[in-house]
Q: 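Starting off with a structure, shown below.
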Amino acid sequence: MDTFNIYTYIPQTRTLGPFLRFAIWVQGCPFRCPGCMTPNALPETGGHLMPISELVQLIQDTPSIEGLTLTGGEPFAQAGALAKLIYHLRQIKDLGVIVYSGYTFKKLQVLAISRPEVAVLLRQIDLLIDGPYVAALNDGGSLRGSSNQQTHLLTKRYATVLNDYYGQPKRPVEIHLTKEDVMLVGVPGEETLRKWQKQFR
Ligand code: SF4
């Protein structure tokens, strides 16, 4: 698979993990979490078909990033393409990889038995934030939307910075203008999300 269906991307953000990151929202998600903040990324159709090589070039040309954050949509729905993207990037740059998935880590480990591309992508991830968003469990904690979601350090890359990150009392957000949309980027608190959706959705 040499193309990849994405909803959008933001070249530089500080709100989706430690350090400056290139963030990609994939198009398509099998889940329908009430209160999902990116409903336009849920249908499998739509989005933008991008050659993996074009994304590799874009990411390679983005200065000062420490790594990627992959979210959506559901990244594991396009595991093969993402695994290729990360493989090619890491031939050029040592980039960290953070993934938000609606699947639990346990479920992904089961899926990996029958789907090799899931196993390959899992091996490339440094930090996984797993599980569906549950609005009733939105407790304002850093980095994840609801308290059922867990952070899994799949390598040691972010082990030392994660505690500091969790120490932050707030959920930072940024507003970005893309070609088609105004994007709220980050994991907003309940009140911020409610105000945003009222104004812009
Ligand atoms: S898994 Fe994520 S993208 Fe999919 S519906 Fe739930 S919150 Fe939205």
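Numbering of ligands and ligand atoms starts at 1, following listing order. Quick note: numbers below take in every heavy atom, side chains included, and nothing from hydrogens, waters or symmetry partners.
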Q: So, using side chain to side chain donor-acceptor pair (under 3.5 Å) as the criterion, who are the partners of S146 when residues are at least two apart?
A: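 Applying side chain to side chain donor-acceptor pair (under 3.5 Å) to S146 gives N148.
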
Q: Look at atom 2 (Fe) of ligand 1 and say whether a protein heavy atom is found at less than 4.0 angstrom from it.
A: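 No.
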
Q: Taking the side chain as every heavy atom from C-beta outward, state whether Y103 and L111 have any pair of such atoms under 4.5 Å apart.
A: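 Yes, side chains in contact.
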
Q: Under a 3.5 Å cutoff, is there a donor and acceptor pairing between the side chains of E174 and H176?
A: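 Result is yes, a qualifying pair exists.
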
Q: Would you check if there is a donor-acceptor pair between the side chains of N138 and R144 at a distance under 3.5 Å?
A: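 No.
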
Q: How many N, O or S atoms of the protein are nearer than 2.8 Å to atom 4 (Fe) of ligand 1?
A: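 Protein N, O or S neighbours of atom 4 (Fe) of ligand 1 under 2.8 Å, waters not counted, come to 1.
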
Q: Taking the side chain from Q149 and the backbone from G131, do they hold a donor-acceptor pair closer than 3.5 Å?
A: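 Answer holds: yes.
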
Q: Distance alone, cut at 3.5 Å: any donor-acceptor contact between the side chains of Y100 and D130?
A: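 No - no donor-acceptor pair under 3.5 Å links their side chains.
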
